[in-house]
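Inspection log for the structure reproduced underneath, given as structure tokens.
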Amino acid sequence: MIEMNKMIIPTIPGDGVGPEISSAARSSIEAALAVATDGSVTIEWEEILAGEAAFRATGDWLPKATVDRIRARGVALKGPLTTPVGGGIRSLNVALRQALDLYSSVRPVRYFRGVPSPVKAPEKMDVVIFRENTEDVYRGIEWRRGSPEAGEIIEFLRSKYSIDVPADSGLGLKPMSEFASKRLIRSAVLYALEKKRKSVTLVHKGNIMKFTEGAFRDWGYELVLHEFKNSAVTEADVMSAGGLLPDGKLLINDRIADNMFQQIITRPDEYSVLATPNLNGDYLADACAAQVGGLGIAPGANIGDGVAVFEAVHGTAPKYAGKDVANPCSLMLSGAMMLEHLGQTDAAGVLVRGISSTLSEGIMTQDLTRLGEGMRPAGTRRFTDEVISRLE
Ligand code: NAP
């Protein structure tokens, strides 16, 4: 990726508020890199097409050239995309993840001082959610009520297994494989070890869905036993050894999803890295983000082997498009994750500290100020300028 001292990074500005927050993220990423490297490393952005802009220019919502370009460069920064209504594509974001096999959704959630929050101690939240991206309900294997396929499957279940499903049912399939579960959990454990995090929690609904969610938990423990037995211990082992975690070891535990949802609100500081199947992680990541200020401030990345897309986790917020009010923090912080991924750890730190000190002085966009009292909102451009002026 690094050519001499210039990094070439493909970028999709996105639809709706996408172009505004992309411009904000790009200028703050460039400025942070300049501060951290004394200008010795620069970025050339390579704009690529997806979403409405791609459809207008090429008649295709997700051109093959876009997917090929990201694969070739191994990285991209992406704004939010409109999901085409009534097209053949269920979701462009899901299509991109599947095309590039971006199997881990990585969502760090932490608190920034000064941001209004609905909970009493938001600073206790500091988790990173690794969510499986390719299976479970996101495979989108569904049949409409009354369709010939639904009828055939209902009849098959009745005649072959004596399972009665009401004839007026829609059907969905929830596949979860050992391979995909283990590679997601492996990436969570490797991350936790590298970042010296204290634990990885497998979140599942295995008490009810034993052969999908329950298997996810079992495969997780199996993986730890086979691949990480020198660096990690399970909660059961710790308990049977008197409750003390051996020094320097990563703790692996598991929680049933409904219990996890209440514990992440009541005792968030007991959790660090969460590894989840697709649907649990989808809900959990937004529920965690809500505690620290909402989606406007939540970064994310979709990561596969040798390729990673860093993106805003919110959508196109069309009612705010072109109004200079959208919060650019999500994409800026995703940009910081990208810098770290590219080995520019100092620049990532400069950018996160710049955002943090801006927010701590009460300078923030309307989605955050409206949660507090007597706060005046900054527009997207002013907020970005304030961040850039605090980079050091
Ligand atoms: P959304 O675009 O995330 O917007 C929902 C609400 O979240 C907005 O109305 C606004 O809340 C708030 N919001 C989101 N981003 C914000 C920002 N940067 N600054 C301030 N407020 C922000 O979700 P949606 O309305 O369900 O979806 C709109 C389109 O985006 C759809 O086409 C959807 O498919 C797509 N989408 C794309 C992605 C993606 O590309 N990753 C993700 C989700 C949705 P208030 O109204 O309360 O102010």
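We count ligands from 1, going down the list as the structure has it; atoms in each ligand are counted the same way. Remember, it's a predicted structure, so these values are computed and weren't measured experimentally.
Taking each of R97, H314, E311, Q366 in turn, the one with a heavy atom nearest to atom 16 (C) of ligand 1 proves to be H314. The closest non-hydrogen atom to atom 32 (O) of ligand 1, taken over T83, I21, T380, comes from T83. For the residues G51, G14, A317, the heavy atom positioned nearest atom 22 (C) of ligand 1 is part of A317.
Closest protein heavy atom to atom 35 (C) of ligand 1: L81 O, 3.4 Å. Regarding atom 10 (C) of ligand 1, its nearest protein heavy-atom neighbour is Y320 CE1, 3.8 Å. Here the protein heavy atom with the shortest distance to atom 25 (O) of ligand 1 is P318 CD, 4.6 Å. Nearest protein heavy-atom contact of atom 30 (O) of ligand 1 is T316 N, 3.0 Å. The protein non-hydrogen atom at the shortest distance from atom 39 (C) of ligand 1 is N93 ND2, 3.1 Å.
Polar contact check, K319 against ligand 1: a nitrogen or oxygen pair lies under 3.5 Å apart. The shortest N/O to N/O separation between G315 and ligand 1 falls below 3.5 Å.
Protein non-hydrogen atoms do reach within 4.0 Å of atom 47 (O) of ligand 1. For atom 12 (C) of ligand 1, no protein heavy-atom neighbour is present inside the 4.0 Å cut-off. Distance remark: protein heavy atom not present below 4.0 angstrom from atom 5 (C) of ligand 1.
The part of D367 lying near ligand 1 is the side chain, judged by heavy-atom distances below 4.0 Å. Neither the backbone nor the side chain of E52 comes within contact range of ligand 1; no heavy atom lies under 4.0 Å. Under 4.0 Å from ligand 1, heavy atoms of N327 appear from its side chain as well as its backbone.
D136 places a side-chain N or O within donor-acceptor distance of the main-chain N or O of L279, the cut-off being under 3.5 Å.
Residues T384 and P328 meet the side-chain proximity criterion, which asks for heavy atoms closer than 4.5 Å. In this structure, V67 and R71 have side chains that are in contact, with non-hydrogen atoms separated by less than 4.5 Å. Side-chain atoms of E30 and T42, non-hydrogen and from C-beta on, never get closer than 4.5 Å to each other.
Placement of V313 and V17 in two distinct hydrophobic clusters is found when ILVMFWY residues are connected by side-chain heavy-atom separations under 4.5 Å, directly or transitively.
In this structure, E340 pairs ionically with K195, as a charged nitrogen and a carboxylate oxygen lie closer than 4.0 Å. With respect to R390 and E361, a salt bridge is recorded, a charged nitrogen being found less than 4.0 Å from a carboxylate O.
For ligand 1, the atoms closer than 4.0 angstrom to any heavy atom of A326 are 19 (N). Taking a cut-off of under 4.0 Å to the non-hydrogen atoms of P80, the atoms of ligand 1 that pass are 40 (O). Each of the following atoms of ligand 1 lies closer than 4.0 Å to a heavy atom of T82: 32 (O).
Of all heavy-atom pairs spanning K174 and T212, the tightest one is O-CG2, 3.4 Å.
Applying the ring pair (Phe, Tyr, Trp, His ring centres under 6.0 Å) test to Y271 and every residue at least two apart in sequence or in another chain returns nothing.
Side-chain contact check for E132 and T134: at least one donor-acceptor pair (N or O, by modelled atom type) lies under 3.5 Å.
A side-chain contact (heavy atoms from CB on, under 4.5 Å) with I21 is found for one member of P13, S330, P80 and no other, namely P80.
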Does the pair D367 and T365 meet the rule for a side chain to side chain donor-acceptor pair (under 3.5 Å), with working shown?
CA-CA 6 Å; D367 54 313; T365 46; 2.6 Å; yes
